[in-house]
Every structure is written in structure tokens, then in C-alpha cells.
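Chain letters run A, B, ... following the sequence lines, proteins first and then strands; every chain starts at 1.
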Amino acid sequence: MSDWPLWEVFVRSKGGLAHRHFGSVHAPDAEIALRHARDTYTRRMEGVSLWVVRSSDIVASDPDDAGQLFEPAADKVYRHPTFYEIPDEVKHI
Amino acid sequence: MPVNRYLTSMYTTELSKQPNVQPIGPAEDPERLAAFEARVAADEFIEPKDWMPEAYRRTLTRQISQHAHSEIVGMLPEGNWITRAPSLRRKAILLAKVQDEAGHGLYLYCAAETLGTSREEMIEALHSGKAKYSTIFNYPTLTWADIPAIGWLVDGAAIMNQVPLQRTSYGPYARAMVRVCKEESFHQRQGYEAMTSLANGTPEQKQMAQDAFNRWWWPSLMMFGPPDENSPNTAQSLRWRIKRETNDELRQKFVDITVPQAEFLGLTVPDPDLQWNEAKGGYDFGEIDWDEFYAVVRGEGPVARERITARREAWESNAWVREAAAAHEAKRRAKVAA
Ligand SMILES: [Fe+2]
Ligand SMILES: [Fe+2]
Ligand SMILES: [Fe+2]
């Protein structure tokens, strides 16, 4: 028998925080994936909520495209508040 | 036929040692290779979809899967004592520790899989005897005192090895190590605590503690691997930040930290050559029996056969669970489709 499909596991550490990627598990279906994720990644109160997503359903950007995707942001410093000079006498801005 | 090219020039820049020459397989794009080398040298993390040299992928796959196998096989010597732990407290602790080791194996298999080898292939390599795991787990656990000794010494040595791996260059491996290290500290502390109980107990208990210490001391020192001069992959692994410290450096650190802990317990280190060396600020210690080490690596450890048989039996006798889960899923899918 070949491997069960792979699922990516996301854990919300506590209320108010986003789910964060923790790792992955093999499981035949979503329900067992959740159980395995619980046993594998939350033995020490690491979380209050779990997501599992079929790994094959995740679409990721190609590392080779990183330049074209993310570099254009580098020369747009004017998107940051610190780009603008405000005289010291002006308060609360 | 692809021509083997060799990575040679770069080692000598960092390491005065004899350069370790390794084939990197069919010609790899020198520009990509240079970019990769630069990223690793700058302490950047390499992620699964990034380009990497074949030799890097191969070395990491071997190292991470061996590490995973060690966690899994490592459950066996301790599992041997779960039903006979001397109190409910010790039993609950041992159960939790062994369960953690299963978790460590799973984190590591996941990390290794991101390099393109399936879980099935890795398990198959373990069960067929093709894959290696840490030699330490091919020694038997003869008395209860072996359980404290393992937690203190074996997990202690594992921590020493694993802490620097939190900064290893391969992202998924480094992240798995962060989780493992967080959990590992309790393993060592529960061992030392249980050892303390024995060392402060009756003369017989004290004797048990010393006996277990005698048997586990040298195999624990062997856990750091062969001496640097006989560790052909070390230079390469340091370059690629797969390894962050050499075997001998880690072994020395372990000795320096552990000897005072043994003294505190009133235990005698089973090494007549052990001596504090003021000049180097560390202990000198006796020659390790490397013939024994290589024999165990070759699978001649006292219980090597028993370990793999136990793994295979567990895998095979539980096959029905995997099959039932798969059948259940197929049935449900058919129902949805209908
Ligand atoms: Fe572990
Ligand atoms: Fe470990
Ligand atoms: Fe451990």
C-alpha cells in the first residue's frame, strides 16, 4: 500500500492569533488528518484550533519568480510613513 | 554519459583540513551553484522548492531520514520498561517521553519528504536494513536504571547534537529541530531526576545506577560519530551549514558538561584516563573503542536484529488499521460520487 496523501497542518496558538503552519501529516481523509495533527503537533497545549489542508491543494509561488514578484516593492519607500519629513514642532502626526 | 565533476576548491578557504572531494554528479549549472553557495554562506535558509545541488539533497535526505529512524527505533529500548516502571508517576512520564520520540520521528520524516523521497521508501529502507540509525539503540536495557541513564545521557547527547541543528541551512529540518529541542529538555531532566533517586537510594539501587552508568557512558560518547579525522563528510556538511559543529567538538562539550553531573550524583565515570586539563579548560578522556562502534554500525550491536524485527512486526501486524482507514475513505468517496 502506498502512502496516504499529505496534509499541511496549521495551528492557532491562542484566540486572536492567526493559524500558523506547523508541519504535515499523512492521512487517508480529513477527519483522520485532524486527529493525527492533534496527536503530532499539540501534545503540550500548543493550540486551540487546527486546520488541515491537502498539500496538493496549495498553490505556491515559484522561488525563481521571487525577484519579479517582490523586488518592485524595494524602490517604493514612499509607501512607508517614515519617508515623509514633518517638522519637529508639529505634534501628534 | 554525464561527466562527474568535483567540488574541491571551496573547502580549503574555510578549513585547513585535507579537502574532502565529493562528486556532485552530472554537470550542475555553475551560476546556480555559486548562488546557492552564497546563500548558504550568508546563513540563509534553503526551502524545498529552491534549487539545490544534488549532493546537498542527497546528504540531507540521508541525515534527516537517519535521524527520523533513530527517533522511531529509539522508542524500543525505553518501551521495554513502560509496563514495569516503579511507580505510576514514572510510568506516566516514560509514556509521555516515548510518545514524544514518536512525534520527533514524524516531524523528521515530514522534513525529509520535502526533499522528494516518499515516507514509504524511507520506512522500507529502515525495515530492509538498508538505512542506518543511531548505534546507541542497539544496546539492551537490562535494568530499570537504564531508563534514567538513557534520559540523562542519551537524550543529553542528542540535545548537544540537535541544538546547533536549529540553525541548519535546510529550513524544514531547522524548524523540526526547534520543536524537537523544545520537547527534549524534559527527557533529560526526568532521567537525571530518576537517576538522583537511585543514587540516593539503598546500596543496591546505588549499585544499579553505577552499573547502568558504566554501560551507557561509552556508547553515549560514540553517539557523536567517528573522530573528525575519520569523518569524511564533515567538511562538506560544515560548508553547507548542514552541520554546525564537528563530532569531536560536540563530544568534548558533552564530556565537560556531564562529568560534574555524574560527580554530583556520587557516580564514578568509567574511564581511568579521565582528567581535568586546566590548559584547555576541559577534560581529557580515554580512547573510545572504535572497533566496537563500527561493529555496531555494521549491525552487530547486541540487539540490532531484535530492534528491526520489532519494527517490522509492528508495521505488519498493524497493516489492517491502515487498510481499514483506506477502505473507509474509498467507501465515503463512492457515496459522495453517487
Ligand atoms: Fe527525540
Ligand atoms: Fe533525537
Ligand atoms: Fe528524547
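Looking only at atom types and distance, the side chain of B:S169 has a donor-acceptor partner in the side chain of B:Y56 under 3.5 Å away. Looking at B:H67 and B:E71, their side chains do bring a donor and an acceptor atom within 3.5 Å of each other.
Counting heavy-atom pairs under 4.5 Å between each of B:K182, B:E183, B:H328 and chain A puts B:E183 at the top. Contact count against chain A (heavy-atom pairs under 4.5 Å) is highest for B:C110 among B:C110, B:A330, B:A176, B:G103.
Remark: B:D43 engages B:R241, B:R244 in a salt bridge (Lys or Arg N to Asp or Glu O under 4.0 Å) (not counting sequence neighbours). Residues that satisfy the side-chain hydrogen bond (donor to acceptor under 3.5 Å, both in side chains) test with B:R119, not counting sequence neighbours, are B:E113.
By a heavy-atom distance cut of under 4.5 Å, A:H26, A:P28, A:D29, A:E31, A:I32, A:T40, A:Y41, A:R43, A:R44, A:E46 are the residues of residues 26-49 of chain A near chain B, going up by number. Interface with chain B: from residues 71-93 of chain A, no residue qualifies, criterion being any non-hydrogen pair under 4.5 Å.
A cation-pi arrangement is absent between B:R90 and B:W81 under the rule of less than 6.0 angstrom and at most 45 degrees off the ring axis.
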Q | Candidate pair B:Q63 and B:L165, rule side chain to side chain contact (heavy atoms under 4.5 Å, CB included), full reasoning | A | CA-CA 11 Å; B:Q63 181 173 330; B:L165 289 177; 4.0 Å; yes

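Remark: B:R189 does not engage B:E184 in a salt bridge, criterion side-chain N to carboxylate O under 4.0 Å. Under a 4.0 Å N-O distance rule, the pair B:R32/A:D64 qualifies as a salt bridge. The pair B:E101-B:K97 meets the salt-bridge criterion, with a side-chain N (NZ, NE, NH1 or NH2) lying under 4.0 Å from an Asp/Glu carboxylate O.
At a 4.5 Å heavy-atom cutoff, the contact between B:R332 and chain A is made by side-chain atoms alone. For a residue to count as touching a neighbouring chain, one of its non-hydrogen atoms must lie under 4.5 Å from one of that chain's; by this rule B:R179 touches chain A with the side chain only. With a 4.5 angstrom heavy-atom cutoff, B:Q99 touches chain A via backbone and side-chain atoms both.
The shortest distance between side-chain heavy atoms of A:R20 and A:F22 falls below 4.5 Å. You'll find the side chain of B:E37 reaches within 4.5 Å of the side chain of B:R239, heavy atoms only. Using a 4.5 Å cut-off on side-chain heavy atoms (C-beta onward), B:K243 and B:P164 make no contact.
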